[in-house]
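First the proteins, then the strands, lettered A, B, ... as listed; each starts at 1. Note that the structure is predicted; figures quoted are calculated from it, not measured.
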Protein chains: 2
Amino acid sequence: MGATAAPSRPMRADAQRNYDHIIEVAGSAFTEHGVLTSLDDIACRAGVGPGTLYRHFPTRDCLIAAALSGSLDQLEALAERLQASDDPGAALDEWMLALANHLRTYDNLPESIAESFRTSDSPLRNTCRPLTSATSALVERAKEAGVLRDDVDYRDLFALVSSVAWASQRRGDKDAARMLALATAGIR
Amino acid sequence: MGATAAPSRPMRADAQRNYDHIIEVAGSAFTEHGVLTSLDDIACRAGVGPGTLYRHFPTRDCLIAAALSGSLDQLEALAERLQASDDPGAALDEWMLALANHLRTYDNLPESIAESFRTSDSPLRNTCRPLTSATSALVERAKEAGVLRDDVDYRDLFALVSSVAWASQRRGDKDAARMLALATAGIR
DNA sequence: GACAATCCGGAGACAGTCTCCGTATTGTTT
DNA sequence: AAACAATACGGAGACTGTCTCCGGATTGTC
């Protein structure tokens with residue numbers, strides 16, 4: 001869901017416009033310069049004041065979460081498809097690669113996500129929750145099919161995939177496939 | 001070598017005193033607050049002005065490298081011992097764990113080190129060079145002994161160990177053993 | 001004791017984060 | 001359509017951290 005939220009009342013028209021536009025600009029900025037890029041600069045590029053940006057997105061993580069929600073929806077769709085796959089092993093492989101690459105969407109995103117998992121209620125963490133539960137489900141199926149070691153915890157696996165995303169990004173690899181193959185060679 | 005360097009002439013006495021004291025204070029500060037802690041604050045705690053700190057250590061990486069050099073010497077000593085071990089497989093295991101834990105010495109150190117490997121001549125990278133060559137040697141021996149897959153590149157392995165250090169630190173694990181076991185289960 | 005060479009320190013320029021509140025816009029009511 | 005309340009805007013500016021510059025202090029040498 002790429003929802004915009006409507007708690008009590010809907011947003012005022014101008015607010016909604018700014019909200020959407022900020023997300024759009026933020027996406028470009030993150031793509032170009034990574035998630036650590038200046039927020040005031042994003043506000044400026046979006047033609048709004050810093051105050052407006054911070055009101056809509058009180059923290060950097062809020063903005064990252066919003067910018068990510070589109071591609072997250074796609075990933076969730078993939079997860080559902082894979083859960084219906086008749087080859088749990090291949091499904092898990094495909095999932096891990098897709099997940100690793102998604103965690104690399106922006107420069108320095110793996111750090112932000114990993115960090116968000118340490119703080120109680122980060123919006124980024126909440127946004128990523130479907131990813132962990134999908135991982136859990138696919139791990140369970142793979143274990144039942146006997147193509148994954150029984151002692152592999154899905155949280156450990158998620159951490160492993162995150163770290164692969166981090167390492168491959170830091171090395172400047174074009175995707176996470178190479179590191180992932182190395183890191184997951186022994187989980188079967 | 002925890003050398004202080006003496007290019008043409010030795011340092012003036014007061015300069016040497018400050019230099020050493022800054023390293024000492026930096027070590028504590030990094031231990032307490034991670035490598036991202038304020039440098040001006042370190043200067044202040046060391047009783048010198050910012051200018052003095054930046055003259056001795058033009059970049060954060062310089063200071064990190066200096067603060068790390070002590071424990072690095074120990075690691076190098078371990079590497080030499082392990083290269084003489086009669087069990088190359090166990091030696092590599094022990095090395096990877098020691099390396100992973102060393103890369104975790106300070107909070108956020110894995111990021112700094114990984115980053116330094118991307119920039120041409122970071123002092124931190126140069127400081128860590130002995131670690132990569134020791135890894136190379138131990139990997140070679142393990143391959144010859146047939147306890148390591150032939151297609152494992154030592155650079156990939158170093159990256160893998162780095163990422164394990166990163167992930168285990170981010171998770172707040174007390175050491176890197178658990179993640180390392182998972183990540184390296186399939187390299188044999 | 002004096003004179004170079006070396007080194008110190010802190011003021012301050014700069015960049016990024018984030019807030020506060022006077023002003024402007026919007027939607028609703030009559 | 002005019003007026004009113006609710007909502008949202010924006011930018012000045014406080015604050016923190018980085019890093020530099022250079023007048024003045026310290027050290028080593030003759």
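- Overall, the helix from dG1(C)-dC30(D) to dT30(C)-dA1(D) carries an axis bend of 10° between its ends, with five pairs at each end and the value rounded to 10°.
- Residue pairs meeting the salt bridge (charged side-chain N to carboxylate O under 4.0 Å, His left out) criterion with at least one member in residues 177-187 of chain A, sequence neighbours excluded, are Arg178(A)-Asp156(B).
- Within the structure, every pair that satisfies the salt bridge (charged side-chain N to carboxylate O under 4.0 Å, His left out) test and touches residues 82-101 of chain B, not counting sequence neighbours, is listed here: Asp93(B)-Arg188(B).
- For Asp173(A), the salt bridge (charged side-chain N to carboxylate O under 4.0 Å, His left out) partners are Arg171(A), not counting sequence neighbours.
- Contact annotation: His56(B) reaches the phosphate of dC8(C) (side-chain N/O to OP1 or OP2, under 4.0 Å).
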Pairs of donor and acceptor atoms involving the side chains of residues 113-123 of chain B, under 3.5 Å and at least two apart or interchain, shall be tabulated with distances.
| residue | atom | partner | partner atom | Å |
| --- | --- | --- | --- | --- |
| Glu115(B) | OE1 | Arg170(A) | NH1 | 3.0 |
| Ser116(B) | OG | Ile113(B) | O | 2.7 |
| Arg118(B) | NE | Arg170(A) | O | 3.3 |
| Thr119(B) | OG1 | Ser116(B) | O | 3.2 |
| Ser122(B) | OG | Asp61(B) | OD2 | 3.3 |
| Ser122(B) | OG | Leu124(B) | N | 3.0 |
| Ser122(B) | OG | Arg125(B) | N | 3.4 |

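- Phe30(B) is linked by a ring-ring contact (aromatic ring centres under 6.0 Å, His included) to Tyr106(B), counting only residues two or more places apart in sequence or in another chain.
- Residues meeting the salt bridge (charged side-chain N to carboxylate O under 4.0 Å, His left out) test with Asp175(A), sequence neighbours left out: none.
- A side-chain donor-acceptor contact under 3.5 Å links Ser133(B) to the backbone of Arg129(B).
- The shortest distance between the side-chain N/O atoms of Asn18(B) and the OP1/OP2 oxygens of dC7(C) is not below 4.0 Å.
- His33(B) places its NE2 atom 15 Å from the C1' atom of dT16(D), with the value rounded to the nearest Å.
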Name each donor-acceptor pair under 3.5 Å that joins a side chain in residues 32-55 of chain B to protein atoms two or more places apart or in another chain, with its distance.
| residue | atom | partner | partner atom | Å |
| --- | --- | --- | --- | --- |
| Ser38(B) | OG | Asp40(B) | N | 3.4 |
| Ser38(B) | OG | Asp41(B) | N | 3.0 |

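- For His56(A), the ring-ring contact (aromatic ring centres under 6.0 Å, His included) test picks out Tyr19(A), with sequence neighbours left out.
- Put simply, CZ on Phe57(A) is 17 Å from C1' on dG10(D), counting in whole angstrom units.
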I'd like to compare against my own output: the B/S/- annotation of nucleotides 10-18 of chain C with a strict under-4.0 Å heavy-atom distance to protein. B------BB
In 5'-to-3' order, the base (B), backbone-only (S) or no-contact (-) status of each nucleotide in nucleotides 23-30 of chain D, using a 4.0 angstrom heavy-atom cut-off, is ---BSS--
Report all side-chain donor-acceptor pairs from residues 140-147 of chain B shorter than 3.5 Å, counting only partners two or more places apart or in another chain.
| residue | atom | partner | partner atom | Å |
| --- | --- | --- | --- | --- |
| Arg141(B) | NH1 | Gln83(B) | O | 2.9 |
| Arg141(B) | NH1 | Ser85(B) | O | 3.0 |
| Arg141(B) | NH2 | Ser85(B) | O | 2.9 |
| Lys143(B) | NZ | Asp150(B) | O | 3.3 |
| Lys143(B) | NZ | Val152(B) | O | 2.8 |

